[in-house]
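Keep in mind that the numbers below use all heavy atoms, side chains included, and drop hydrogens, waters and symmetry copies. A quick note: this is a predicted structure, and the numbers were derived from the prediction, not measured.
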Amino acid sequence: MPKAVRAWGTSAPREGMRKYGAFRGVDYASDETKIDLSRSPRAVNVIADEGGFPERRFGWRTVHRFAGCISGFFPFENDKDETRETFIVHAGDKLIRIKLDAAWTPVAGSETVLLTGLAAGRRSSGFYMNGKLYILTGREYIVYDGTAAALVGDETAYAPLTSYQRQPTGGGQEQERVNMLCKYRKNRFVGDGTSATYQLDVNGIDPDYTPVASYFITGESIPVASFDAARGTVTFASPPRAPAAAGTSNVEIKFAKTTGDRAKILGCTIFSIYGVENTGNRVFVSGNAAHAATEWYSGLNDPTYFPDLNFSVVGSSDFPIMCYLKAQGELLIIKADNRQEGTIWHHEGTTVNGAAAFPLKEGVPGYGCVARYAAASLNDDPLYLSPRGVYAPATTYALSYVQRQLFCRSRRINPKLNKERGIENAVAAVWRGWYVLCVNGHAYVADGNQDRAEQGYEWYYWDNIPAYQLRSHKQTLFFGTEDGRLCKFNDDYISRGGETLMRAYNDDGAAIHAEWCTKLDDMDMMSKLKIMPKRGSAIHLKAYTRSKIEVWIRTESDFGRLCRELYADRLTFEDINFERFTFSTAVNTMIPLLTKKKKWKAIQILLISDAVNEGFGVYEIDIRFFYGNFAKR
């Protein structure tokens with residue numbers, strides 16, 4: 001057979017092979033010629049699969065349209081209907097209940113307006129306690145019990161027993177503090193059977209509310225003849241009887257004394273649930289613009305009771321509390337970015353003389369929080385958005401010393417993230433092991449399923465995510481938009497065999513532009529020209545029911561040229577398209593590139609997919625090349 005003949009005194013060109021695999025996230029922090037082989041300088045709308053290989057992200061769809069901006073939406077966790085999901089939506093100035101079926105489609109006739117006249121155009125937040133949903137709007141405090149919604153106020157908040165064991169003339173013992181949310185209070189007295197006038201524990205009570213009296217335990221009403229609001233006395237038609245057990249409180253009087261404290265709680269916008277060991281939980285609230293650095297916390301397991309002394313002023317009043325996080329048993333308070341004081345503060349719940357206490361400690365200085373609704377914990381890592389990227393406060397231990405530190409988790413995406421305008425409007429949620437941070441229709445996604453390195457997480461970049469509010473629920477992700485759409489990601493479009501259906505890959509019917517590219521690679525020798533021969537290079541693609549991919553080749557001297565189109569289709573009986581029918585059932589598609597490229601110093605492979613309802617994924621890219629002469633320019 002014929003043999004290759006080489007002239008005497010010459011040598012064969014040096015051959016090389018570059019493999020791109022074991023892919024990770026994007027890297028915007030380094031030049032595209034200097035990044036790691038496994039990362040991409042410009043990937044869009046991809047995410048790592050369970051093995052870490054890039055594939056097209058799920059698309060999303062509009063579940064329902066409401067009138068007005070979606071300020072907040074809350075799946076009702078205590079819903080007794082197992083076949084439907086109840087969502088409470090704050091849209092415009094209305095609070096609306098809607099039910100969704102198993103396919104996340106609104107049930108006909110289920111949309112019900114619960115409240116109107118609410119604060120509109122600003123984000124609301126909500127939490128669950130005692131089987132009820134509580135919502136903070138920044139102007140109202142709402143409770144929904146599964147049937148109806150009401151404002152938390154005089155008729156729905158807890159009326160505290162402020163003193164007991166009082167004599168008709170006064171005295172007694174203090175019991176509970178005044179509730180900031182409620183004008184009503186209670187006093188208990190030991191009746192003597194002869195006194196008709198009883199002195200309350202305060203004067204200046206509300207003149208427009210007649211005190212109500214009853215015998216404690218039995219509930220029997222005691223008629224009130226008159227009361228003196230200025231002096232705080234109540235006169236009965238006849239003296240209440242003495243108790244059967246001498247010295248015990250048997251007369252209870254409920255009265256009203258209005259203060260201006262209620263507005264402090266109603267103006268709050270953020271919350272956290274925190275407790276002391278096994279003694280129960282309390283609700284911490286903050287975000288009131290008129291009291292920027294102040295937080296309040298509720299009574300034990302009662303979000304309708306905020307004692308007037310349960311508050312802390314955290315640092316300087318000039319810098320607001322932005323968000324709460326939890327770490328290693330502590331409640332972290334993150335303040336706005338400033339260079340005057342520590343931006344991270346700590347509550348560590350404890351007990352003092354049998355009572356719960358939450359001493360406040362100043363933590364480390366450093367970058368503070370810039371986006372109130374972008375804080376979330378990814379696995380055990382508390383994350384928040386600062387003016388210089390995503391940071392995490394951490395506690396380390398060295399011998400007997402506790403060290404508090406701040407770590408940047410987003411170095412590889414900071415050059416792009418930090419250029420976003422209006423970053424204070426960012427929102428975030430944790431979904432499928434990802435921290436999804438949305439701002440200006442863009443999403444920056446930290447992958448908590450991959451190992452975290454010194455430079456932080458592996459990050460991915462998505463576009464066309466118009467999220468104004470973001471919330472994960474039952475392993476799926478919902479978002480609300482400023483134009484009133486409640487949307488959901490399509491991760492529920494799964495076949496009976498557990499495979500993603502192709503209709504999951506569209507954004508409300510529109511194509512998802514997906515892109516993955518390699519580094520601009522000089523093959524470790526930028527001074528030499530190279531040749532990529534027609535044979536020897538290949539791409540290993542993930543096969544889908546339908547997958548069409550454009551392969552572009554770019555060099556250091558151009559912006560890229562279309563090389564060829566590849567198909568990675570495979571037969572799936574649950575989703576057959578006869579226009580692109582194939583008999584192949586292989587899950588791997590290894591395709592030779594069959595393209596020649598001459599005289600380049602650096603080369604880059606771009607994989608692009610703009611098709612609707614098609615998958616996209618890559619396992620490996622191999623480039624075979626020969627070194628040529630040294631470049632002359």
Is the shortest side-chain N to carboxylate O distance from [X] to [Y] below 4.0 Å?
X: Arg24; Y: Asp447; answer: no
X: Lys264; Y: Asp261; answer: yes
X: Arg404; Y: Glu362; answer: no
X: Glu32; Y: Arg42; answer: no
X: Lys335; Y: Asp337; answer: no

**Item:** Option passing side chain to side chain contact (heavy atoms under 4.5 Å, CB included) with Met322 (candidates Cys369, Ser286, Ser386)
**Value:**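 Filter result, single survivor: Cys369.
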
Does any part of the side chain of [Y], heavy atoms only, come nearer than 4.5 Å to the side chain of [X], both counted from C-beta?
X: Asn414; Y: Cys408; result: yes
X: Val430; Y: Ser472; result: no
X: Tyr384; Y: Leu332; result: no

**Request:** Please step through side chain to side chain contact (heavy atoms under 4.5 Å, CB included) for the pair Arg123 and Asn425, ending with a clear verdict.
**Result:** CA-CA 10 Å; Arg123 292 179 176 89; Asn425 295 314; 3.9 Å; yes

**Prompt:** Centroid-to-centroid, His347 to Tyr297, below 6.0 Å?
**Reply:**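 Here the rings of Tyr297 and His347 have centres that are no less than 6.0 Å from each other.
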
So, taking the atom named [atom1] in [X] and the one named [atom2] in [Y], what distance separates them when rounded to the nearest 0.5 Å?
X: Arg262; Y: Met180; atom1: CZ; atom2: CE; answer: 11.0 Å
X: Tyr468; Y: Ile70; atom1: OH; atom2: CD1; answer: 11.0 Å
X: Glu111; Y: Lys94; atom1: CD; atom2: NZ; answer: 10.0 Å
X: Thr476; Y: Trp60; atom1: OG1; atom2: CH2; answer: 13.5 Å
X: Glu85; Y: Leu100; atom1: CD; atom2: CG; answer: 7.5 Å
X: Arg177; Y: Leu161; atom1: CZ; atom2: CG; answer: 13.0 Å

**Item:** Test log, rule side chain to side chain contact (heavy atoms under 4.5 Å, CB included), inputs Leu437 and Leu417
**Value:** CA-CA 10 Å; Leu437 174 69; Leu417 174 62; 4.0 Å; yes

Can the positive tip of [X] be found less than 6.0 Å from the middle of the six-membered ring of [Y], inside 45° of the ring normal?
X: Lys416; Y: Tyr461; result: yes
X: Arg471; Y: Phe479; result: no
X: Arg57; Y: Trp462; result: yes

Which word best sums up how the rings of [X] and [Y] line up, parallel for under 30°, tilted for 30 to 60°, or perpendicular for over 60°?
X: Phe127; Y: Tyr134; result: parallel
X: Phe489; Y: Trp431; result: tilted
X: Phe23; Y: Trp516; result: perpendicular

**Asked** Of Phe478, Phe76, Phe74, which meets ring-ring contact (aromatic ring centres under 6.0 Å, His included) against Phe87?
**Response**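 Going through Phe478, Phe76, Phe74 one by one, the ring-ring contact (aromatic ring centres under 6.0 Å, His included) with Phe87 is satisfied by Phe478 alone.
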
**Residue pair Pro415 / Arg411: nearest heavy atoms and the distance that separates them** =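 Here Pro415 and Arg411 meet closest at CD-O, 3.8 Å.
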
**Request:** Taking all heavy atoms of Gly299 and all of Arg282, pick out the closest pair and write down the distance.
**Result:**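 Scanning both residues completely, I find the closest heavy atoms to be O-CG, 3.7 Å.
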
**Item:** Modelled atom types, side-chain donor and acceptor of Glu515 and His513, under 3.5 Å
**Value:**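 Side chains of Glu515 and His513: pair found under 3.5 Å.
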
**Message:** Would Leu383 and Arg409 count as a side chain to side chain contact (heavy atoms under 4.5 Å, CB included) here? Give the steps.
**Reply:** CA-CA 8 Å; Leu383 304 176; Arg409 303 299 197 206; 3.7 Å; yes

**Message:** I need the single residue from Asp492, Asp491, Asp507, Asp508 that forms a salt bridge (charged side-chain N to carboxylate O under 4.0 Å, His left out) with Arg61. Which is it?
**Reply:**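 Exactly one candidate clears the test, Asp492.
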
**Message:** Does Val44 form a side chain to side chain contact (heavy atoms under 4.5 Å, CB included) with Asp463? I'd like the steps, not just the answer.
**Reply:** CA-CA 7 Å; Val44 180; Asp463 63 10; 3.9 Å; yes

**Request:** Could you walk me through whether Glu176 and Tyr158 pass side chain to side chain donor-acceptor pair (under 3.5 Å), step by step?
**Result:** CA-CA 11 Å; Glu176 297 174 317; Tyr158 175 68; 2.8 Å; yes

